[in-house]
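For this chain, numbers begin at 1 and follow the sequence in order.
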Amino acid sequence: MIRPRMWVLLSSFVLTLGVATSSYAGTYADAVLADNPIGYWRLEEDPASVSTAADSSANAGAQNGTVVGGGTGVTSVAGPIDTESSNNAMRFDGSSGYIDVQDPNAVLGSNFPAWSIEFWMRPEAGGMAHQNPVVKGQYSGAGGTFFNQTTGLNAFGFGINNGTPTTVDAPLATNDEWQHVVGTLERDMPQIGETVATIYVNGGDANGGSTHQGTIQNVQSDNSTEPVTIGGLYFQPPGTPYTNYFLGALDEVAIYDYALTEAQATVHFNAAGIQAPTIFEWNGDFSGDYNSANQWNPSGGPPNTSNLTAVFGGNIQSTQTVFTNDSVTVNRIEFDNPNSYFIAGGGQINLGATTANPPINPSIHVAQGSHTFQAAVAMHSATSVTVTGSDSQLVFDGSLNLGGNDLTKSGDGTMVVNNQLLTAGGILSGNVSVAEGVLGGSGRIAGSLDNAATVAPGNSPGVLTVDGNYTQSAGGTLAIEVAGTATGTGHDQLNVTFTATLDGTLHIQTDAGFTPNVGASPGTNGDQFVIITASSVVGTFGTIDGRHVGSGLFYEVDYNTTNVTLGAFQALEGDANGDKRIDITDFNVLSSNFDPTGQNANDWTNA
C-alpha cells in the first residue's frame with residue numbers, strides 16, 4: 001500500500017573528534033537512543049578535519065566508522081533537522097567517498113532473526129546507475145542488505161543479496177529533498193526460508209507517509225563479520241573493493257537487532273517536530289499514473305491519506321489523464337486549469353475526513369475548467385463539492401458512492417452525474433443538496449435530492465433518476481429541455497422513486513428548430529411531455545418560465561398524483577396569457593406589451 005506524506009527534521013547531540021560529548025542530543029536522537037540501537041552514526045563531524053564517524057550507541061568505540069575521502073569525497077553539509085543545536089550531515093560525491101564501519105563483535109549482521117536499519121537521505125541528480133546509501137556486508141561474498149537507488153527509476157529497494165539483490169521497492173525522494181527511511185527484515189517469515197521486508201518512509205502509512213512490504217523467497221546468508229558501508233558498496237576486494245557510490249547526503253544512520261514497528265518509525269520521524277507538506281500538485285504537462293511518486297510536487301507523494309490534498313493545477317497545456325488502478329484516499333481534490341483533467345482507472349478515489357480534532361470533512365473544488373472522474377469515487381464523510389464559475393464543470397462518469405453521507409453542491413458552476421450515485425449497501429441514506437449552481441446529468445442518485453438552486457436533468461436532453469425524495473424549495477429551479485417527444489432523447493425527465501415536493505421555478509427551454517404539435521382546435525392539448533414521475537407529487541411550482549413557445553403556442557402544466565406533464569396547445573384568440581380563458585388578465589398582458597410603432601406586432605406573444 002502506498003501513501004504519500006511529509007517532510008521532517010531532526011535533533012542531535014554534538015560529536016567532536018569522533019567521540020560523543022555529553023551535550024544534549026535533542027528529541028530525535030533521544031527517540032532513537034530510547035529504542036536501543038546496536039549502532040548509531042550521527043554524522044555530525046566535519047570530514048575535512050575528522051576522519052572518524054563516531055558510534056553513539058551503547059557499543060560506542062568498537063564500531064566507529066572511518067571516513068574515506070574526507071574533505072573532497074565526503075564533506076559536511078546542513079542536516080535535515082534545523083531544530084537541533086548542531087544540524088550537520090555528510091554529503092557523498094558519488095565517485096570516491098564512503099564510510100567504512102567494521103563489525104569486530106559481529107553484532108550488526110542482517111542475518112539475525114530480525115534486523116532494522118534507519119537513516120535520512122537526500123539524493124542528488126546524476127551519479128552511478130546503481131547507488132547504495134547504506135549496506136551491511138560484501139556484495140559478492142556472504143551477501144549484503146541492499147538499499148539500491150537506480151537512477152531514472154525514482155525508487156529504491158531494500159532486502160537481501162545472496163549474489164542477486166532481492167528487494168521491496170519504495171518511492172525515492174525528489175532530488176535535493178530529505179527523506180526518512182526505516183527498513184526491517186524478519187527472517188523465516190511468514191515461513192521457513194522466506195524473509196518479510198518492510199520499508200517505512202516518513203513514518204509509514206499510519207503517519208501519512210508510506211509503508212511498503214513484501215515477502216522475499218530467501219534468507220540472508222551470514223554477514224555478521226562483514227563491514228557496514230555508508231555511501232557505497234563493499235564489492236570485490238582487492239581489485240574493486242568499493243562501488244555503487246551514493247551521490248547525495250546522509251544523516252543519523254542507526255542499526256537495530258530487532259524489527260522496528262511502524263509506531264516506532266512514526267515516533268522517530270515526528271520527533272523532529274517539523275510539519276510536513278499536506279498539499280501535493282501534479283507537476284507536469286503529461287498524463288500518467290497517480291501512484292508514481294515523481295509526478296507530484298513536493299516529493300513525498302502521491303497524496304494518499306485522509307490528511308492530504310491533491311491539486312490538479314496549472315501545469316497542463318492540453319487535456320491529460322491521471323489514472324490509478326489502486327484505491328487512493330485524500331481529504332481534498334482541487335482542479336484549477338482551463339484544460340481538462342480526466343481521473344481514470346480501476347482504482348477507487350476515497351474521500352475521507354482528516355484525523356485532526358475536530359476533523360475536517362472532505363471536499364472537491366473546481367476553480368476553472370471542465371474535469372471528469374471516470375474512476376469510481378466513494379465518500380466516507382459528509383462532502384462538499386464547489387464548482388466556481390458558470391462555465392466550470394465537474395463530471396462524474398464513474399460511480400459516486402455516498403456511503404450514507406451528505407453531499408452539498410455549491411458555486412455557480414455545474415456538477416454532472418452521468419453514472420450511479422450509490423449509498424452503502426444500497427440503503428437510501430445519502431442526501432445530495434444543491435445549494436448553488438447546477439446539478440445535471442443522466443445518472444442515478446441512490447438517495448434524496450434537495451434543490452435550492454438548479455437541477456437540470458440530462459445531457460441535452462436526458463433522464464436524471466432520484467432513488468429517494470426530491471424536494472425543491474422556493475429558491476430552487478427545475479430546468480427542463482424540450483427538443484422532441486421521446487423521453488430522455490427528446491426531452492428531459494426527473495424520475496423520483498418516492499415523493500416529489502415542488503415549489504420555486506419550473507424553467508422550460510424549447511430548442512430552436514422544434515415546434516410541438518398542438519391539439520386539433522385552439523385550447524386543446526397535443527403533444528404530451530412527462531417531465532416528472534414520482535410515487536407521489538406534492539405542491540406546485542410558484543413560477544413557470546418558458547411556458548410560451550411563441551406565436552400563441554403554450555405549454556399547460558398538469559399536476560397529477562404521480563407525475564407532472566406538459567401539454568402543448570394553441571391559445572384561443574384573445575388568450576394572451578395562455579391560461580385557456582379570456583378575461584381581464586389577457587387585456588393586461590396585451591396592454592403591457594403594446595408596441596405603438598407596430599414594428600413588433602407579436603410582442604404580446606412574449607408574455
Side-chain angles (χ1 to χ4, degrees), residues 1-3 32 34-40 57-59 63 101-119 130 132-149 155-171 180-201 203-207 209-230 233-235 244 253-269:
M1 190 179 226
I2 300 175
R3 311 231 169 160
V32 171
D35 286 329
N36 300 313
I38 54 176
Y40 184 21
S57 73
N59 296 317
Q63 300 166 171
V101 179
Q102 293 297 310
D103 189 6
N105 298 320
V107 297
L108 301 174
S110 62
N111 57 292
F112 297 146
W115 187 84
S116 301
I117 191 164
E118 175 180 29
F119 57 88
H130 299 277
N132 291 89
V134 185
V135 177
K136 167 59 177 175
Q138 179 183 347
Y139 175 82
S140 57
T145 300
F146 198 81
F147 268 91
N148 183 61
Q149 173 191 343
F156 63 85
F158 169 67
I160 65 176
N161 178 23
N162 291 325
T164 301
T166 309
T167 64
V168 171
D169 294 329
H180 180 253
V181 177
V182 172
T184 70
L185 296 176
E186 297 174 89
R187 186 186 181 95
D188 293 325
M189 295 288 290
Q191 57 188 354
I192 301 298
E194 297 180 340
T195 300
V196 172
T198 306
I199 305 174
Y200 303 111
V201 179
D205 279 344
N207 195 51
S210 60
T211 298
H212 314 266
Q213 187 176 81
T215 299
I216 295 172
Q217 303 300 314
N218 208 336
V219 294
Q220 179 66 63
S221 55
D222 186 5
N223 62 12
S224 59
T225 61
E226 297 174 7
V228 173
T229 307
I230 301 173
L233 172 65
Y234 184 50
F235 190 56
N244 288 13
V253 179
I255 293 177
Y256 305 80
D257 59 0
Y258 65 96
L260 287 176
T261 65
E262 185 174 48
Q264 288 171 305
T266 295
V267 168
H268 293 192
F269 176 75

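Evaluated for a side-chain contact (heavy atoms from CB on, under 4.5 Å) with Phe158, the options Ile216, Ile199, Val168 yield exactly one hit, Ile199. No option in Val253, Val182, Ile230 other than Val253 meets the side-chain contact (heavy atoms from CB on, under 4.5 Å) test with Phe119.
The aromatic rings of His268 and His180 sit perpendicular, their planes meeting at an angle over 60°, well past the 30° parallel limit.
With no hydrogens or angles considered, no side-chain donor-acceptor pair links Asp103 and Ser224 at under 3.5 Å.
Here the closest heavy-atom approach between residue Lys136 and residue Ser110 is recorded as CG-N, 4.0 Å. Of all heavy-atom pairs between Tyr256 and Val32, the closest is OH-CG1, 3.3 Å. The shortest non-hydrogen separation linking Asp169 to His212 is O-CB, 3.6 Å. Contact detail for Ala259 and Ala114: the closest heavy-atom pair is N-CB, 3.7 Å. The two residues Arg187 and Phe112 come nearest to each other via the heavy atoms CB-O, 3.9 Å. Heavy atoms only, all atoms of each residue included: Gly193 and Asp188 are closest at N-OD1, 2.9 Å.
The distance from the CD atom of Gln191 to the OG1 atom of Thr215 is 8.5 Å, given to the nearest 0.5 Å. Taking OG1 of Thr166 as the reference point, atom CD1 of Ile160 lies at 5.5 Å (rounded to 0.5 Å). Thr198 OG1 to Gln213 CD: the interatomic distance, rounded to the nearest 0.5 Å, is 3.5 Å.
Although no hydrogens or angles enter the test, the distance criterion places no donor-acceptor pair under 3.5 Å between the side chain of Ser116 and the main chain of Thr184. Under the 3.5 Å distance criterion, the side-chain polar atoms of Asp257 are left unmatched by any main-chain donor or acceptor of Val107. Checking side-chain atoms of Thr195 against main-chain N and O of Asn218 turns up a donor-acceptor pair under 3.5 Å.
Side-chain contact check for Asn132 versus Thr229: every heavy-atom pair is 4.5 Å or farther apart. By the 4.5 Å heavy-atom criterion applied to side chains, Asp35 and Tyr258 are counted as neighbours.
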For side chain to side chain contact (heavy atoms under 4.5 Å, CB included), just list the numbers for Gln138 and Asn223, CA-CA rounded to whole Å, side-chain angles, deciding distance to a tenth of an Å, and then say yes or no.
CA-CA 8 Å; Gln138 179 183 347; Asn223 62 12; over 6 Å; no
Under the criterion side chain to side chain contact (heavy atoms under 4.5 Å, CB included), I'd like the reasoning laid out for Ile38 against Leu108: C-alpha separation, chi angles, the key distance, then a yes or no.
CA-CA 7 Å; Ile38 54 176; Leu108 301 174; 3.8 Å; yes
